[in-house]
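Only a predicted model underlies this, so the values are computations on that prediction, with no experimental measurement involved.
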Amino acid sequence: MENGRMLTEYWNEVLTNERDMETVPWLKRKWELHRDRGYRIVRVTGEVTPYQKLKDSDRNTDVRYLLKTNFVLKKKEDFYVEESEMDCRAQLKNGVINRHEFEEELSAPVERDKKYEPILMDQVTDLRFTYDRRSAVRYAERWWNSYNPEYRKFTDDCTNFISQCMRAGGAPMWGSPNRGKGWWYSGKSWSYSWAVAHSFRWYLSGSRQGLTGKEVDSPKDLIPGDVICYDFEGDGRWNHNTIVVMKDSDGMPLVNAHTYNSRHRYWSYEDSTAYTPNIEYKFFRIGD
């Protein structure tokens, strides 16, 4: 498609020319942060996949498309590839881009937050498992930019994706059919802790059986298969979750996530449009 080729050329120019990045703040910020962390940016590319085209009475063409970015990075002697996907929209006329919009990474709506009901000690059963970190990470790598048809896709899909990774690692489900209890998914229903970021964070802090998490003080204490929770505004509402899939040469986590699909992203999310200086994190070792 001609429009797709033109948009690909546009993005490859913007992605590699720092002068043009002033119009795309998240991209400029990403470049600056990678350099501040000691990464050398070896190559940056963009790939455009149009999925909708509309024309209006003024002969404008409205194109909606998926932008996939690929950063090849080097720190010390190690190479990393950070990938992400975002929905974009461009208005074209006579081969010229009149207006361009890209999806901002926002925190999940507050009204969807449901808090998990912690289990009472006298109700704890012997529900143990051995966490298969390799399988959880393998799942996170397989599905970071697509959706397993065995599960429902949510508008805010980050926690649903992390729960699927935990399930792939062998975590047993429990608590059905009470949505405020346990951690479970049945196809037509699911616990709040399965799909809501706020509930999942509190579940990990309070669960004493099945899927459990132990809070640690530093991201350096995490290993692949562990989880990071984010409160972007620092207001007590937990907005986002990611899974650690590898660590860089300084021992810092790189994570995969859904909603704004990301792979091997630096854990702190300072390049996110949802980031604020008040951000709070929780670091969980899973299954220990």
Side-chain angles (χ1 to χ4, degrees), residues 105-120 124 127 129 131 133 136 139-140 151 154-169 171-175 178-185 190-245 253 255-260 262 265-270 272 274-288:
E105 188 169 22
L106 303 175
S107 58
V110 170
E111 64 270 20
R112 297 191 181 187
D113 285 344
K114 303 290 184 181
K115 193 168 179 178
Y116 156 76
E117 283 182 24
I119 190 170
L120 300 176
V124 174
L127 192 63
F129 80 106
Y131 184 41
R133 294 177 176 275
Y139 188 97
Y151 295 95
F154 293 81
T155 301
D156 302 307
D157 201 62
C158 69
T159 307
N160 177 44
F161 173 64
I162 299 305
S163 287
Q164 291 175 36
C165 295
M166 301 295 98
R167 182 63 176 157
M173 296 187 286
W174 66 277
N178 186 341
R179 298 194 69 194
K181 181 179 179 180
W183 174 83
W184 56 272
Y185 178 93
W190 47 87
S191 63
Y192 295 127
S193 58
W194 180 278
V196 179
H198 188 71
S199 302
F200 183 74
R201 173 262 186 269
W202 283 106
Y203 171 85
L204 287 180
S205 286
S207 180
R208 302 180 180 94
Q209 66 181 34
L211 175 63
T212 59
K214 177 184 177 182
E215 290 188 38
V216 295
D217 295 330
S218 168
K220 283 194 173 184
D221 295 329
L222 300 176
I223 59 177
D226 287 335
V227 168
I228 303 177
C229 304
Y230 303 76
D231 172 2
F232 288 118
E233 296 85 8
D235 61 359
R237 296 287 187 173
W238 295 84
N239 317 111
H240 188 54
N241 298 294
T242 66
I243 180 172
V244 177
V245 294
V255 300
N256 286 15
H258 262 200
T259 302
Y260 183 104
S262 302
R265 186 173 185 171
Y266 195 80
W267 70 271
S268 62
Y269 266 63
E270 293 171 275
S272 170
Y275 174 85
T276 76
N278 298 320
I279 193 169
E280 296 284 344
Y281 307 95
K282 285 290 183 182
F283 310 111
F284 288 99
R285 286 291 296 269
I286 300 300
D288 293 347

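How far CG of Asn256 is from SG of Cys165: 7.5 Å, rounded to the nearest 0.5 Å. Between the CZ atom in Phe161 and the OG1 atom in Thr259 there is a gap of 10.0 Å [rounded to 0.5 Å]. Distance check, rounded to the nearest 0.5 Å: CD1 of Ile286 to CE of Met166 gives 5.5 Å.
With sequence neighbours excluded, the residues forming a side-chain hydrogen bond (donor to acceptor under 3.5 Å, both in side chains) with Ser268 are Arg37, Glu270, listed by chain and number. Applying the side chain to side chain contact (heavy atoms under 4.5 Å, CB included) rule to Ala136 yields the partners Tyr131, Ile243; only residues at least two apart in sequence or on another chain are considered. Scanning for ring pair (Phe, Tyr, Trp, His ring centres under 6.0 Å) contacts around Phe284 gives an empty result, with sequence neighbours left out. Scanning for side-chain hydrogen bond (donor to acceptor under 3.5 Å, both in side chains) contacts around Arg201 gives Ser205, with sequence neighbours left out. Scanning for side-chain hydrogen bond (donor to acceptor under 3.5 Å, both in side chains) contacts around Asp231 gives an empty result, with sequence neighbours left out. Contacts of Ala168 classified as side chain to side chain contact (heavy atoms under 4.5 Å, CB included), with partners at least two apart in sequence or in another chain: Tyr139. Partners of Tyr269 under the side-chain hydrogen bond (donor to acceptor under 3.5 Å, both in side chains) rule, at least two apart in sequence or in another chain, are His240.
In this structure, Tyr151 has its ring center no closer than 6.0 Å to that of Trp190.
Phe200 is listed as a side-chain neighbour of Trp183, based on a closest heavy-atom distance under 4.5 Å. Using a 4.5 Å heavy-atom cutoff, the side chains of Tyr266 and Pro219 are not in contact. Looking only at side-chain heavy atoms (C-beta outward), Leu222 and Trp267 stay at 4.5 Å or farther from each other.
Taking both residues in full, the closest heavy atoms of Tyr203 and Ser193 are given as CB-CB, 3.8 Å, listed atom of the first, atom of the second, then distance. The shortest non-hydrogen separation linking Phe232 to Ala274 is CB-O, 3.3 Å. Looking at every heavy atom in both residues, Cys229 comes nearest to Trp238 through O-CZ3, 3.5 Å. When all heavy atoms of Ala140 and Val245 are compared, the pair lying nearest together is CB-CG1, 3.9 Å.
A side-chain contact (heavy atoms from CB on, under 4.5 Å) with His258 holds for exactly one of Asn160, Asp157, Asp156, Asn241; it is Asp157.
Asp221 places no side-chain N or O within 3.5 Å of a backbone atom of Val216 that could act as its donor or acceptor partner. The backbone N or O of Arg237 lies less than 3.5 Å from a partner atom in the side chain of Asn239, making a donor-acceptor pair. Remark: side-chain polar atoms of Trp194 are not paired, donor with acceptor, to backbone N or O of Arg179 under 3.5 angstrom. Under the 3.5 Å distance criterion, the side-chain polar atoms of Ser262 are left unmatched by any main-chain donor or acceptor of Ala257. Between the side chain of Ser163 and the backbone N or O of Thr159 there is at least one donor-acceptor pair closer than 3.5 Å.
For residues 275-287, the side-chain hydrogen bond (donor to acceptor under 3.5 Å, both in side chains) pairs, not counting sequence neighbours, are Glu215-Lys282, Asp226-Arg285, Arg285-Asp288.
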